[in-house]
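Worksheet: one structure, shown below.
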Amino acid sequence: MFRVLSKATARVAAPAMCFTSLPSLTYPAELPKLSFDYKDGVAPVFSPRQIELHYTKHHKSYVDKLNTIGAGFEGKTIEEIILATDGKVDKKVMFNQAAQHFNHSFYWNCICPGGKAIPKELESAIAKAFGSVEKFKEAFQAAGANNFGSGWTWLCIDPKTNALVIDNTSNAGCPLTANLRPILTVDVWEHAYYKDFENRRPDYLNDFWKIVNWEYVAQQYAHVSK
């Protein structure tokens with residue numbers, strides 16, 4: 001049985017870092033290379049201008065800010081920085097920049113022009129957990145639409161139970177701090193979609209499936225299931 005995590009129960013301290021989703025993401029931070037040309041947008045959902053603003057302005061601002069305050073973390077993964085600064089009032093700014101760098105980098109990997117077909121093994125796992133892929137999409141979209149304010153909606157594996165879970169995080173929050181292992185995310189900050197969808201988040205979430213890189217999601221699923 002899948003579950004959708006609530007903010008009242010989901011946020012628990014994560015153990016020391018032993019699992020890494022994006023090992024190439026290290027400090028000093030760099031804007032990651034994309035699998036597509038941002039100047040072309042991400043058809044058929046995002047215009048070139050939407051991706052340009054999101055990638056070269058918003059994401060880059062987190063990278064640039066992190067690099068001005070991250071002294072002492074040289075050579076560490078961004079995930080290690082997230083866990084080291086989570087919940088520390090004096091490190092809140094650093095946490096926000098590192099987490100947003102991770103969140104955006106993960107998001108870019110989850111999308112591509114035209115999307116990619118879902119591999120059979122992942123399709124079966126999702127159907128087993130949610131009843132069907134369509135029921136999963138409905139639950140995921142509902143979670144994203146109801147994620148108040150700015151934040152992220154994730155599909156993760158809970159390593160304690162090996163169950164698939166949908167997790168909502170607010171602002172810069174990410175599931176690593178709850179010891180969850182992400183395999184898919186959608187950015188529900190308005191800057192992710194406003195140029196093309198204005199304030200119509202449900203429409204954005206409905207169209208999101210047209211560009212999901214299910215091959216990447218399947219790779220993450222295999223990685224976190226080891």
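We use all heavy atoms of the structure for the numbers below, so side chains are in, but hydrogens, waters and symmetry mates are not. Keep in mind that what you see is a predicted model, and the values were worked out from it rather than measured.
With R201 contributing its side chain and G144 its backbone, the two residues share a donor-acceptor pair below 3.5 Å. E123 places no side-chain N or O within 3.5 Å of a backbone atom of I118 that could act as its donor or acceptor partner. A donor-acceptor pair under 3.5 Å is absent between the side-chain atoms of E30 and the main chain of L25, judged by distance alone. T177 contributes a side-chain N or O that, together with a main-chain N or O of C174, makes up a donor-acceptor pair within less than 3.5 Å. Put simply, the side chain of Q50 never gets that close to the backbone of S47: no donor and acceptor are under 3.5 Å apart.
Residue A125 comes nearest to L164 through the heavy atom pair O-CD1, 3.7 Å, listed as atom of the first residue, atom of the second, then distance. In this structure, F46 and A192 approach most closely via the heavy-atom pair CE2-O, 3.5 Å. Nearest heavy-atom pair across A145 and L205 is N-CD1, 3.3 Å. Closest approach of D167 and P175 over heavy atoms only: OD2-CB, 3.6 Å. The two residues K116 and C112 make their nearest non-hydrogen contact at CG-SG, 3.7 Å. When all heavy atoms of L22 and S105 are compared, the closest pair comes out as CD1-CB, 4.0 Å.
Here the straight-line distance linking atom CG of D90 with atom NZ of K92 works out to 12.0 Å at 0.5 Å rounding. Here the CG atom belonging to L83 is positioned 11.5 Å from the CD1 atom belonging to I78, to the nearest 0.5 angstrom. The structure places NE2 of H223 at 8.5 Å from OH of Y216, a figure rounded to the nearest 0.5 Å. We find the SG-CD1 distance between C156 and I183 to be 7.5 Å, quoted to the nearest 0.5 Å. Here the NZ atom belonging to K39 is positioned 10.0 Å from the OG1 atom belonging to T56, to the nearest 0.5 angstrom. Residue Q141 holds its CD atom at 5.0 Å from CG of N206, rounded to the nearest 0.5 Å.
Within a 6.0 Å radius of NZ in K76, no more than 12 heavy atoms belonging to other residues, nucleotides or ligands are found.
A salt bridge links E52 with R49: the closest approach of a Lys/Arg side-chain nitrogen to an acidic carboxylate oxygen falls below 4.0 angstrom. With respect to K160 and D158, a salt bridge is recorded, a charged nitrogen being found less than 4.0 Å from a carboxylate O.
Under the 6.0 Å cut-off for aromatic ring centres, F102 and W152 do not qualify, their centroids lying 6.0 Å or more apart. Side-chain rings of Y38 and W108 stay apart, their centers remaining 6.0 Å or farther from each other. Aromatic rings of Y107 and Y55 (six-membered ring for Trp) have centroids beyond the 6.0 Å cut-off, not under it. In this structure, H54 has its ring center no closer than 6.0 Å to that of H59.
Evaluated for a side-chain contact (heavy atoms from CB on, under 4.5 Å) with V217, the options L184, T185, N109, I126 yield exactly one hit, L184. The one candidate from Q97, H101, Q100 that meets the side-chain contact (heavy atoms from CB on, under 4.5 Å) condition with K65 is Q97.
For the pair I211 and P44, the minimum side-chain heavy-atom distance is below 4.5 Å. Contact check for Y221 versus I157: side-chain heavy atoms found under the 4.5 Å cut-off. Using a 4.5 Å cut-off on side-chain heavy atoms (C-beta onward), Y204 and D196 make no contact. In this structure, V186 and C110 have side chains that are not in contact, with every pair of non-hydrogen atoms separated by 4.5 Å or more. Counting only heavy atoms from C-beta outward, the side chains of F106 and W154 approach each other to under 4.5 Å. Using a 4.5 Å heavy-atom threshold, the side chains of N103 and Y62 count as separate. Annotation: side chain of H191 is not in contact with side chain of L53 (no heavy-atom distance under 4.5 Å). Residues P113 and V42 are in side-chain contact: their nearest non-hydrogen atoms beyond the backbone lie under 4.5 Å apart.
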Point to revise | Stepwise side-chain contact (heavy atoms from CB on, under 4.5 Å) check, L155 with F130 | key: CA-CA 12 Å; L155 178 63; F130 292 84; 3.9 Å; yes
Review point. So N171 and N96, side-chain contact (heavy atoms from CB on, under 4.5 Å) or not? Walk me through it.
Key: CA-CA 8 Å; N171 298 317; N96 285 340; 6.0 Å; no
Check your understanding: Would F208 and V45 satisfy side-chain contact (heavy atoms from CB on, under 4.5 Å), going step by step from the backbone distance to the final call?
Key -> CA-CA 7 Å; F208 174 67; V45 176; over 6 Å; no
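Hydrophobic clustering keeps I51 apart from Y194 (ILVMFWY residues linked when any side-chain heavy atoms are closer than 4.5 Å, directly or through intermediates).
Between W214 and W209, the ring-plane angle classifies as parallel under the 30° and 60° cut-offs. Classified by interplanar angle (parallel below 30°, tilted 30° to 60°, perpendicular above 60°), the ring pair Y193/F197 is perpendicular.
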